[in-house]
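A quick write-up on the structure given underneath.
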Amino acid sequence: IGNVVGIANTGNKISKITRNNFLFDNAIPVSYGIGLVGSDSYEVQENHFEPMTVNGHSANDRTIGILVHASGEGHNKIYKNYFKNLQIGIQAQEINGGLHTGPDPTNTGLQFRCNEFTENMYQSDIFVASGRVDYNQGYQTGNNGTFAAGNLFSHSSFTLQNDFAA
């Protein structure tokens with residue numbers, strides 16, 4: 001509470017950020033829970049992100065749950081995190097994935113798997129601001145959905161591209 005950044009992970013390899021609670025202060029104009037800048041081979045899972053509620057108002061202006069900046073082309077996964085009432089749940093920018101050059105569905109780059117976005121996500125649940133992420137975010141095989149991405153989107157009606165924007 002009261003921080004611009006909850007966890008700043010800059011230039012690290014093989015990091016684990018798991019099972020944290022991030023509570024955004026509505027007095028901070030711009031803030032994010034986890035910042036991954038130039039990091040690779042990270043595990044980010046089972047974290048909770050939501051604003052404080054003060055006098056019936058919550059902070060969703062300029063709040064980003066997870067910000068990923070230039071993590072490279074390696075396989076990285078943001079898995080099973082929970083986002084509630086933020087401006088953006090996950091924002092990726094710059095190069096966070098390899099170029100998709102053929103029919104091979106190999107995983108190369110950042111994937112968003114089994115994350116849950118609830119209530120009023122103001123701008124976007126997942127926002128690729130620039131660059132690229134893994135081309136393959138999951139795919140359906142038969143009726144079991146084993147390889148599906150499994151994200152649960154908020155379906156907020158603030159913008160036309162609220163669930164996923166690029």
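Remember, predicted model here, so these are calculated numbers, not experimental data.
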Practice problem: Return yes when atom NZ of K16 has more than 12 non-hydrogen atoms of other residues, nucleotides or ligands closer than 6.0 Å, and no otherwise. | Solution: no
Quiz item: Would I34 and N9 satisfy side chain to side chain contact (heavy atoms under 4.5 Å, CB included), going step by step from the backbone distance to the final call?
Solution: CA-CA 8 Å; I34 298 173; N9 188 343; 5.5 Å; no
Quiz item: Roughly how far apart are C114 SG and E116 CD, rounded to 0.5 Å?
Solution: 10.5 Å
Self-check item: Side chains of Y42 and V68 in contact at under 4.5 Å (non-hydrogen atoms)
Solution: yes
Quiz item: Among D134, N76, N96, N136, which one satisfies side-chain hydrogen bond (donor to acceptor under 3.5 Å, both in side chains) with Q111?
Solution: D134
Quiz item: Does Q87 reach the main-chain N or O of R62 with its side chain, forming a donor-acceptor pair under 3.5 Å?
Solution: yes
Quiz item: Under 4.5 Å between side-chain heavy atoms, hopping through other hydrophobics if needed: is there a path connecting V5 to I64?
Solution: yes
Quiz prompt | Nearest heavy atoms of S31 and F24, plus distance in Å | solution = OG-CD2, 3.3 Å
Quiz item: Hey, is the main chain of E46 close enough, under 3.5 Å, to the side chain of R19 for a donor-acceptor pair?
Solution: no
Self-check item: Student check: side-chain heavy atoms of F153 and I126 closer than 4.5 Å
Solution: yes
Self-check item: ILVMFWY network linking I7 to I66, side-chain heavy atoms under 4.5 angstrom
Solution: yes
Exercise. Could you grab the distance from atom CD of Q91 to atom CG of L86, nearest 0.5 Å is fine?
Key: 12.5 Å
Exercise. Check whether any side-chain heavy atom of E119 lies under 4.5 Å from a side-chain heavy atom of S154, and answer yes or no.
Key: no
Practice problem: Would you check if E73 and R132 make a side-chain contact, meaning some heavy-atom pair closer than 4.5 Å? | Solution: yes
Practice problem: Identify, with sequence neighbours excluded, every residue that meets ring-ring contact (aromatic ring centres under 6.0 Å, His included) alongside Y79. | Solution: none
Practice problem: Flag the pair D125 / F83 as yes when at least one side-chain heavy-atom distance between them is below 4.5 Å, and no otherwise. | Solution: no
Quiz item: So how far is it from T63 OG1 to Y32 OH, rounded to the nearest 0.5 Å?
Solution: 13.5 Å
Exercise. Look only at the side chain of S124 and the backbone of I88, and say whether a donor-acceptor pair between them is shorter than 3.5 Å.
Key: no
Practice problem: Compare every heavy atom of A92 with every heavy atom of F112, then report the nearest pair and how far apart it is. | Solution: CZ-CB, 4.3 Å
Self-check item: Distance in Å, L67 CG paired with Q93 CD, rounded so as to fall on 0.5 Å steps
Solution: 5.0 Å
Quiz item: Is the side chain of E50 donor-acceptor paired with the backbone N or O of N85 at a distance under 3.5 Å, no angle test?
Solution: no
Quiz item: Can you tell me how far OG of S71 sits from CG of L36, rounded to the nearest 0.5 angstrom?
Solution: 7.5 Å
Quiz item: Between E43 and T18, what is the shortest heavy-atom contact and its length?
Solution: OE2-CG2, 3.7 Å
Exercise. Nearest 0.5 Å please: distance from the CG atom of N47 over to the OH atom of Y82.
Key: 10.0 Å
